[in-house]
Amino acid sequence: MGLVIPYDDPRLISEDSDSGTSSPFTIVLLKAGIQPAAHIMNAVLVTSSVSACSSGLYAACRTVHMMAVQGQAPKFMGRTTKQGVPLYALLFCTLTTLGLWAFNFVGQGVVFVFLSGISGVAGYLAWASICVVHIRFRMAWKRQGRDLSELKYRAPFYPFGPVFCFVLICVVIFGQAYPSFENGFDSTTFFSSFIELPLFVLFWGVWKWWRRTSVVSLDNIDLDTGARAGFTLEEEDCMLAEMEQKQKKRKALRVLAAILG
C-alpha cells in the first residue's frame, strides 16, 4: 500500500476526517476501480469482529468452566449440556461482555478505556506466563533427572527463545507508556495501560493467601499428570503415522467427491 498510496493523499485519515473511505485498504480498492470498496471493507470488519467475538467467548467460557472444575470458580459454572457445552459459563461470559461493553457509554468512554487496557495487558501477561512455565518445565525436567530425548517435542532456540520473548513482552508492556508523554502527560492513558499489573499481583497474592498455597519447587513439579501414559515413543510414532494416513485418505476422498460431485 505504501507504493500505491502517496503519503499526502487527501483521502487518508486526518484530524478532520473520520470517514470509512479514509482507510488505506479502501483507497487501494478504489484505485483498482472497485467502487463499492467502502462497503466491502465494512463487511470485512463486521465479519472479522464477529469472528473475534466468537473465538473470545469460546476461550473465555472454556476457561471459566475449567476454573470451576478445579475449584477456582462457582461449581455450577462447571456444568455442561449433553453435548458438552458449558452453558452456564457461556451465559456468564456473554452477559459479562455485554455489561462491560455498556461502559463505553459511561463517563465519555473513560471506563471502557481502562477495561480495554486491562484486557490488553492481560493478554501480554498470559504470554509472559507461558514463557515462564516453559522455562520452569525444562528446568524441572532436568532437575528430576529426565532425559530430553523423552520429550516428543523440544522447542528450538531454548533457552534463548522463551527468555527473549519474555523480555520483549516486558518492553511492549512498559512501552505503552510512550503515548502518555507524547503530547504532555495523559494520566488516563498512563494508568489505563498499567492498571492490570497491580491487579494481577493483587489477585495472585490474595489467591495464594486464601488457599495457603506456595510456589511449587522444581523437585515437586508434576511432569506426568495429563501426559499420554502407557505408550512407548515407538508406539506413539506408529499411532501418529496411522493418523496421518487416515487424514490423507480422508483428504483424497474429499477431493474425489468434489471432482465427481
Side-chain angles (χ1 to χ4, degrees), residues 20 39-134 136-137 165 169 172-173 176 188-216 221-222 225-228 250:
H39 301 294
I40 294 175
M41 290 309 304
N42 286 334
V44 170
L45 291 174
V46 169
T47 53
S48 61
S49 299
V50 172
S51 176
C53 291
S54 176
S55 62
L57 277 177
Y58 175 83
C61 72
R62 289 293 174 176
T63 300
V64 172
H65 169 260
M66 184 53 62
M67 290 176 64
V69 171
Q70 295 178 349
Q72 299 174 349
K75 290 184 178 180
F76 74 93
M77 294 288 186
R79 300 176 184 174
T80 61
T81 63
K82 293 181 179 180
Q83 292 75 27
V85 178
L87 183 59
Y88 293 104
L90 179 61
L91 289 174
F92 170 77
C93 293
T94 302
L95 295 176
T96 302
T97 301
L98 292 174
L100 295 176
W101 174 75
F103 279 109
N104 189 37
F105 306 99
V106 178
Q108 297 180 343
V110 175
V111 177
F112 188 76
V113 170
F114 276 87
L115 293 174
S116 300
I118 290 175
S119 63
V121 177
Y124 293 134
L125 291 176
W127 283 106
S129 300
I130 292 173
C131 295
V132 174
V133 169
H134 182 203
R136 282 180 54 81
F137 167 77
C165 290
I169 290 171
V172 172
I173 291 177
Q176 294 181 121
T188 301
T189 304
F190 180 83
F191 289 108
S192 64
S193 300
F194 297 110
I195 189 174
E196 170 62 12
L197 296 179
L199 287 177
F200 173 80
V201 175
L202 175 64
F203 291 151
W204 184 82
V206 169
W207 174 262
K208 289 292 183 183
W209 173 79
W210 184 264
R211 290 286 182 167
R212 297 294 191 271
T213 61
S214 58
V215 177
V216 181
I221 290 179
D222 184 1
T225 302
R228 184 179 294 171
R250 293 194 192 99

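Heads up: numbering here begins at 1 and tracks the sequence. This structure is a prediction, so every number in the text was calculated from the model and none was measured.
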To the closest 0.5 Å, what do you measure between CD (Gln72) and OG1 (Thr63)?
11.0 Å
Interatomic distance, Ile169 atom CD1 to Trp127 atom CH2 [nearest 0.5 angstrom]
8.0 Å
Distance, nearest 0.5 Å, that separates CG of Leu90 from CG of Leu95
9.0 Å
Can you tell me how far apart NE2 (His65) and CZ (Phe92) are? Round to the nearest 0.5 Å.
14.5 Å
Taking all non-hydrogen atoms of both residues into account, name the closest pair between Ala68 and Lys75 and its distance.
CB-O, 4.4 Å
Within a strict 4.5 Å, meaning less than it, do heavy atoms of the Arg62 and Pro86 side chains meet?
yes
Please say whether more than 12 non-hydrogen atoms of neighbouring residues, nucleotides or ligands are located less than 6.0 Å from CH2 in Trp207.
yes
Is it true that a side-chain atom of Ser54 and a backbone atom of Val50 form a donor plus acceptor pair closer than 3.5 Å?
no
Within 45 degrees of the ring normal and closer than 6.0 Å to the centroid, is that where the cationic atom of Arg212 sits relative to Trp209?
yes
Rounded at 0.5 Å granularity, tell me how far OG1 in Thr96 sits from CG in Leu91.
10.0 Å
Close side-chain approach of Val121 and Ile195, heavy atoms under 4.5 Å:
no
State whether the side chain of Ser51 and the backbone N or O of Thr47 hold a donor-acceptor pair below 3.5 Å, judged by distance alone.
no
Heavy atoms only: give me the nearest Val64-Ala73 pair and the separation to one decimal.
O-CB, 4.2 Å
Could you walk me through whether Val216 and Asp222 pass side chain to side chain contact (heavy atoms under 4.5 Å, CB included), step by step?
CA-CA 9 Å; Val216 181; Asp222 184 1; over 6 Å; no
Using the test ring-ring contact (aromatic ring centres under 6.0 Å, His included), find all partners of Phe137 that sit at least two apart in sequence or belong to another chain.
Trp141
To the nearest 0.5 Å, tell me how far Trp204 CH2 sits from Thr213 OG1.
8.0 Å
